[in-house]
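Just so it is clear, the values below take in all heavy atoms, side chains as well, and ignore hydrogens, waters and symmetry mates.
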Amino acid sequence: MTPDLIRIFVSAGEPSGDLHGAGVVAALRRRYPDAVIDGFGGPAMTAAGAQVEFPMEDYSAMGFVEVITAIPAHLRLLRSLKTRFTQTPYDLVLMIDYPGFHLRLAAHAHEAGSRVLYYIPPQLWAWRPGRAKRLHGVVDRLAVILPFEQQAFAGLGLTAEYVGHPLVDHMLPADHRERAREKLGLPANARVLAIFPGSRKQEVRNHWPIFRDVADQMLAEGRCDRVIMAARPVGDYPDPGRIEICRDDPITVLSAADAVLAKSGTTTLQAALADTPMVVAYRTHPWTYRIARRLMRVRWISLVNLIAEREVVPELEQDEVNVAHLSDALRPLLDARNPATLAQREGLRVVRDRLGPPGAADRVAGIAAELIGR
């Protein structure tokens, strides 16, 4: 191996991190075409030019209760990476989200002498602010993607740099709705409901049956003409009925829809960028929910409402996630002239304005270059 060869390790343990990591990997490749970029991630990072030796699909889990079964695999991965970092240190270890794992990985990387950049660090402003002390001394820089986070981390004694949100790099053209409908074979005047039950197996298990029944209700009432679901590339969705399953193009589904029923998460910001009104729902294991609610220090679960600092989109949680409540929240949004729809669209415009300009991945790569020093 050439002594001057730059070595970077990029770690992202879930689909959204893989997506955001891919943009940074591509930006790093432009700066350092010959660099070694190894990773813990998924197909997006691989396509961008990283050598993903540890596929995230083998480890991904979500929720306090659900994650317990994945602990042994994560511990094995931590031990493996600690050995790797020690034997041949990387110039930079770039971590993306996935806090439970990355807080430990940061300590190992720092101990091995690598510079450490945490992109999309844990939402300590939302819960468990005591974890802030674990970042002190082991993370060299923090890069945050939500406009209020720089000040929030400063309140915890941590310096963070706001780089903008990576989804803004994927802003849609003005005629995105027409293009999306043409691509999906939807009539221009069709009323379309999109449903996004989530990307993980447990999310699909928790949300799909209820979301499916809500869609059936909207179709039966004549509130919409078509329902399209953004599905995982593989996986079963029992008894879809009239629901059309799209497995490979979630952004097109969002763009084509008049309204969307979505699990909380990155999809809500993608819907905001597509100017698609939404209802946000979240349902998980009862004990996971109880623990989370006891720890949370913020009012809202959706990123849209957090960024707007007010309720722009309806949020339903746990027992509220049922056919009656979700149907009540969706009905007005399937009418483009309804005051609730118009009000939400104005709120979504505010959110888009607050997300910042494009170029988040390049700004992160710039911070990485400063840490590498060449």
Side-chain angles (χ1 to χ4, degrees), residues 13-17 19 60-68 70 97-100 120 122-128 146 167 193-215 217-218 229-232 235 237 250 253-254 257 259-272 276-331 333 344 347-348 351:
E14 56 190 349
S16 61
L19 175 66
S60 185
M62 182 177 181
F64 296 101
V65 173
E66 295 87 346
V67 80
I68 290 174
D97 204 357
Y98 214 51
I120 317 177
Q123 297 174 339
L124 302 178
W125 41 267
W127 53 11
R128 301 184 71 179
L146 299 175
L167 290 180
L193 170 65
I195 58 175
F196 281 69
S199 58
R200 299 177 183 85
K201 289 180 180 178
Q202 64 262 35
E203 291 174 342
V204 174
R205 184 170 61 248
N206 290 330
H207 298 118
W208 162 246
I210 297 171
F211 283 20
R212 175 197 61 203
D213 293 348
V214 172
Q217 181 75 22
M218 295 298 96
M229 181 188 65
R232 300 167 65 236
Y237 298 87
V253 174
L254 279 174
V260 60
L261 171 58
K263 187 234 37 148
S264 65
T266 304
T267 297
T268 63
L269 285 186
Q270 292 172 320
T276 304
M278 74 194 84
V279 172
V280 178
Y282 188 71
R283 188 169 181 263
T284 189
H285 190 284
W287 281 107
T288 295
Y289 179 78
R290 290 172 189 172
I291 295 170
R293 267 302 172 195
R294 289 176 70 88
L295 294 174
M296 284 184 66
R297 299 166 59 89
V298 294
R299 178 177 176 183
W300 296 289
I301 62 169
S302 73
L303 293 170
V304 170
N305 289 343
L306 284 167
I307 292 169
E309 300 179 283
R310 63 183 177 88
E311 185 173 305
V312 170
V313 304
E315 296 183 358
L316 293 97
E317 304 174 50
Q318 217 56 10
D319 291 341
E320 296 175 331
V321 181
N322 58 55
V323 174
H325 286 134
L326 292 175
S327 296
D328 286 344
L330 270 173
R331 286 187 186 99
L333 301 183
Q344 187 177 138
L348 296 181
V351 170

I want to check something: taking the side chain as every heavy atom from C-beta on, are E317 and S264 in contact at a cut-off of under 4.5 Å?
no
Smallest heavy-atom separation, V253 atom then A194 atom, equals CG1-CB, 3.7 Å
Hey, what do you get for CG (L269) to CG (L306), rounding to the nearest 0.5 Å?
9.5 Å
Minimal heavy-atom distance between L348 and T276, with the atoms involved, is CD1-O, 3.8 Å
By side-chain contact (heavy atoms from CB on, under 4.5 Å) - contacts of T266 (at least two apart):
S16, L167, Q270
Going by side-chain hydrogen bond (donor to acceptor under 3.5 Å, both in side chains), name the residues that satisfy it together with E309, two or more places apart in sequence or in a different chain.
R354
Per the side chain to side chain contact (heavy atoms under 4.5 Å, CB included) rule, which among L261, I195, V321 passes with I210?
V321
Could you list the residues that satisfy side-chain hydrogen bond (donor to acceptor under 3.5 Å, both in side chains) with E311, not counting sequence neighbours?
none
By side-chain contact (heavy atoms from CB on, under 4.5 Å) - contacts of A262 (at least two apart)
F196, V260, T267
Among all residues two or more places apart in sequence or in another chain, which pass the side-chain contact (heavy atoms from CB on, under 4.5 Å) test with D213?
D216, V323
Between V304 and V280, is there a side-chain heavy-atom distance shorter than 4.5 Å?
no
Walk me through it: do T268 and V313 pass the test side-chain contact (heavy atoms from CB on, under 4.5 Å)?
CA-CA 9 Å; T268 63; V313 304; over 6 Å; no
Tell me whether the rings of Y237 and W208 are parallel (<30°), tilted (30 to 60°) or perpendicular (>60°).
perpendicular
Going by heavy atoms in the side chains, are M278 and L333 under 4.5 Å from each other?
no
Grab the two heavy atoms, one from G198 and one from V204, that are nearest each other, plus how far apart they are.
O-CG2, 3.6 Å
What residues, two or more places apart in sequence or in another chain, satisfy side-chain hydrogen bond (donor to acceptor under 3.5 Å, both in side chains) together with H325?
N322
Between S327 (side chain) and A324 (backbone), is there a donor-acceptor pair under 3.5 Å?
no
By salt bridge (charged side-chain N to carboxylate O under 4.0 Å, His left out) - contacts of R212 (at least two apart):
none
Would you give the length of the straight line joining atom NE2 of H207 to atom NZ of K263, rounded to the nearest 0.5 angstrom?
7.5 Å
Determine the minimum heavy-atom distance between A230 and P197, stating which atoms define it.
O-CD, 3.9 Å
Less than 4.5 Å apart, side chain to side chain, heavy atoms only: is that true for M218 and R331?
yes
Quick one: list whatever passes side-chain hydrogen bond (donor to acceptor under 3.5 Å, both in side chains) with N305, sequence neighbours left out.
S302, E315
